[in-house]
Amino acid sequence: MRKVLVALFGLVVLCVVGVVAVFALPADFGGPAGELARGAKASVANLALDAADVKGKVKSALDENREAISQATGLSPEEVDAAVEELDIDGWQATPLPADARKTGEVEGTYAGIDGTVTTYEDPGYVTLEAYGQTVTLAVPESAQKYIAYLQAL
């Protein structure tokens, strides 16, 4: 029994060291190890987004502000609903940023007391969010990509 516990403890320590090593690698670390680290970070970010129900909170905020969005944009409430549906909030996923991504702009702002930056790229399939000292790149669903250009107008 003692050997099993020691082996189990050793596996836990190995996992912790592996996770720390992955997150300690610089973002621009090349080669297979860098790619593995970026993929692991994206997987952890997706788990965190799901655990915190971030997507559910975004959908709720959009639903709760439907009338305000309608008034601010001049769109009818039905058009706002259609646009929100095309955003496909559930389809957004954390992903590694491709090495060849070319930045087109940044939008800085504050919402609910949170300062953040959204970075856009030539490929509208990606945006990067920075808040609370953390950075996460998201893959943008195809139906939402046409709205990325509007971020620059904010």
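What you see is a predicted model; the values in this text were computed from it and never measured.
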Quick check: does any side chain N or O of Lys55 sit under 3.5 Å from a backbone N or O of Trp92, one acting as donor and the other as acceptor?
yes

Looking at side-chain heavy atoms only, is the closest gap between Ile89 and Leu62 below 4.5 Å?
yes

What are the two closest heavy atoms between Pro96 and Tyr126, and how far apart are they?
O-CE2, 4.3 Å

Among Thr137, Thr104, Thr128, find the residue that satisfies the side-chain hydrogen bond (donor to acceptor under 3.5 Å, both in side chains) test when tested with Tyr121.
Thr128

What heavy-atom pair brings Ser143 and Glu86 nearest, and what distance separates the two atoms?
OG-O, 2.6 Å

Could you tell me whether Glu79 atom CD has more than 12 heavy atoms of other residues or ligands within 6.0 Å of it?
yes

Between Gln145 and Pro124 the two heavy atoms that sit nearest each other are CG-O, 3.4 Å

Shortest non-hydrogen contact between Thr95 and Leu138, atoms and distance:
CG2-C, 4.0 Å

If we only count heavy atoms from C-beta on, is the Val58 to Leu87 side-chain gap below 4.5 Å?
no

Please check if atom CD in Glu67 has more than 12 non-hydrogen atoms from other residues, nucleotides or ligands closer than 6.0 Å.
yes

For the atom pair CG (Asn65) and CD (Gln71), what is the distance rounded to the nearest 0.5 Å?
11.0 Å

Which atom names give the shortest non-hydrogen contact between Pro141 and Gly91, and what distance separates them?
CG-C, 3.5 Å

Give a yes or no on whether the backbone of Arg66 and the side-chain of Ser70 come within a donor-acceptor separation of less than 3.5 Å.
no

